[in-house]
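Note sheet for the following structure.
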Amino acid sequence: MAEPRAGGAGAPVLLSARGLLKRYGANPPVVAGVDFDVAERAFTTLLGPSGCGKTTILRMIGGFETPTGGTLTLDGVLLGDHPPERRPVNTVFQSYALFPHMSVFDNVAFSLTLRSGTGDVAAKVRRALDAVHMAEFGDRYPSQLSGGQQQRVAVARAMVAEPRLLLLDEPLSALDRAMRAHLQRELKDLQRRLGIAFVYVTHDQDEAFALSDTVLVMNAGRIVQAGAPEAVYRRPASSFVAGFIGGATLLPGHVTAVSEAGTTISTALGTFEAPGHPGLAQGMPASLVLRPDSIVVREGGTVQAAVRHVTFMGQGYAVDAEAQGQSLRFAAAEPPRIGTTVPLSVIGDRAYVTAPA
Amino acid sequence: MTAGRSLLALPMVLLLLGGAILPLAILVVISFWSVDFDAFELVPGFGLASWREVLGNPTYPYLIGKAVLTGSVTAGLTALAGYPIALSLLRVPQRWKSVALVVLMTPLYTGEIVRIYAWRLVLGTDGLVNGVLLGLHLVQVPVKVILFSPVSTILALVYDELPFMTLALWIALERLDLRLVEAARDLGARPLTAFVRVTLPMTSTGLCAGALAVFALSAGDLQTPNFLGGPTGATALASIDNFFGTAFDWPTASALALSLLFALGIVAAVASLLILRIGGGAVRTRP
């Protein structure tokens, strides 16, 4: 990593959830009793497919949903059933929820006008709009702004209230790709500059990796892995995480040996040795996670694969091949010819043996 | 294309012309005529006697003012009662909403006279309210001021017109993005502040529509004040009815009717401008 991350081990905890549960009626719980910590000044992301409960967690932190069970503690104080206006937490809503009947200036000033003793409101609003490069737009109405501009105003409106924790619910999902990448950098810069803890919700793993100090991967109401982006990418805790993060080939099999050197897994395409997830033992079902850079074309390779598709990626080629009905995706500097059979080898160090979903 | 579509409005335009503009024009003409009470005939001409009577006699401006007041108070009270009802209707599950709508409209299914006599049974000297008050020994003799007072008139009018207000507010609230209210709370607004600063302006068109309907219906109601207002039940409409009927003074009736219409129209126009102003940008910037 080029720079140290905020919120590593030992960083003071700002928010902690213990056994956090949300259930509607007799249905299976939306959030099934999760534990996690959010460190001071850290960028924490809840990542998962839609319906996994990540937005519900955000809404419970914000005070818009009451937990069915468990606790949320902020700065050592139980949040309990405090209403949203009594929490030192602000939200950037999906689709922004800017007040359409107020100018940009009045939107940003909203929280300041509700409290007395907030000092020079106009100066604070100008500073907040400056921070998101929207200083000239104070007189406009939200409907006169582009999506990216609305997003910036929403961030300014939430920041000006000086929250201990800022919640962001898929704030970039409505924007086009180029704008999204641009605003990701802006958000990250702003977060670092202000030193405020962010809890960010997204289903986009690229976005999660680009922004986060810590990623909490969720599935079906549970947190299935928590860690730095590199750890989640390189050492996925289950084949669900590996699959959701994307780009991986998963070979199902079972563990035949576990040693200091690595974990040996037997699959339909042969037996491989790679670093293994803690807790795996001989005889357990498991999956071999292969990233595009874990597979190479090599004379004497043990896997004979038929080349199906070749995609030019700029820096090289992405090759989709098939061996015994199993599709494999790997990166190659030179494009193999479609229809030919190539010998493939697995680089054990770059592969990983993980638990089944 | 546009011209073709405007043609669809033609029947309604004709109906308005024939059903409202034309009779009004006739009223204007008649208001300048006079009556020969010996021959019991209307005499065409151009005289200002009836206008002098309506504007000069303090009774009629008073009655017109009373109509404006009744309409305004009823509109205000239905708004106060209607918002909580409409807000709670938002939480009704989708499949129960049609049932809620039917229940909401209940006052409209019973005839006005039936409702009026029902109110008499509830509010009268031997009525339900007095029965409860006497039974609980809260009063020693029946309270008489409830029935045949402005209180009973306004109470009945609020009950009668409430569906129009609630329906208009409900439709407006269904179109409101509730995340805006959440955003207001998130930024530190208590529930009432969030209502005043977000919900109210964002639903001002519905409030305006509801207020106009309730204002017109209650300011123009003849039966309710007549049967429940007792000695306080005199209305401009009753006078108009009297002039057209018993008194056979069509010119004065016409002048009074036009004055009432003008006053109600001005108040309604000013009030709706004020209500829509609460909405500010919301009205013109709706996506």
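Here is how names work: the chains are called A, B, and so on, in the same order as the sequence lines, proteins then strands, and each is numbered from 1.
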Least distance between heavy atoms, [X] atom then [Y] atom:
{"X": "A:Phe110", "Y": "B:Ala189", "result": "CE2-CB, 4.1 Å"}
{"X": "A:Arg59", "Y": "B:Glu182", "result": "NH2-OE2, 2.6 Å"}
{"X": "A:Ala97", "Y": "B:Ala183", "result": "O-CB, 3.9 Å"}

Rounded to the nearest 0.5 Å, what separation is found between the [atom1] atom of [X] and the [atom2] atom of [Y]?
{"X": "B:Asp177", "Y": "A:Phe93", "atom1": "CG", "atom2": "CZ", "value": "9.5 Å"}
{"X": "B:Arg197", "Y": "A:Thr113", "atom1": "CZ", "atom2": "OG1", "value": "3.5 Å"}
{"X": "B:Leu187", "Y": "A:Phe99", "atom1": "CG", "atom2": "CZ", "value": "5.5 Å"}

Heavy-atom cut-off 4.5 Å, strictly under: side chain, backbone, both or neither for B:Ala184 against chain A?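 Both backbone and side chain of B:Ala184 come within 4.5 Å of chain A.
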B:Ile278 backbone acceptor or donor facing A:His101 side chain under 3.5 Å: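 Between the backbone of B:Ile278 and the side chain of A:His101 there is no qualifying donor-acceptor contact (under 3.5 Å).
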Expected output: side-chain B:Asp186 to main-chain A:Gly62 donor-acceptor under 3.5 Å: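 Not confirmed, B:Asp186 side chain does not pair with A:Gly62 backbone.
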Please classify the contact of [X] with chain B as side chain, backbone, both or neither, using a heavy-atom distance under 4.5 Å.
{"X": "A:Val89", "value": "backbone"}
{"X": "A:Leu167", "value": "neither"}
{"X": "A:Arg157", "value": "both"}

Should A:Glu85 and B:Arg190 count as an ion pair when the cut-off is N to O under 4.0 Å?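 B:Arg190 and A:Glu85: not salt-bridged.
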Does a sphere of radius 6.0 Å around [atom1] in [X] hold more than 12 heavy atoms from other residues, nucleotides or ligands, not counting ones at 6.0 Å or beyond?
{"X": "A:Tyr24", "atom1": "OH", "value": "yes"}
{"X": "A:Asp81", "atom1": "CG", "value": "no"}
{"X": "A:Asp176", "atom1": "CG", "value": "yes"}

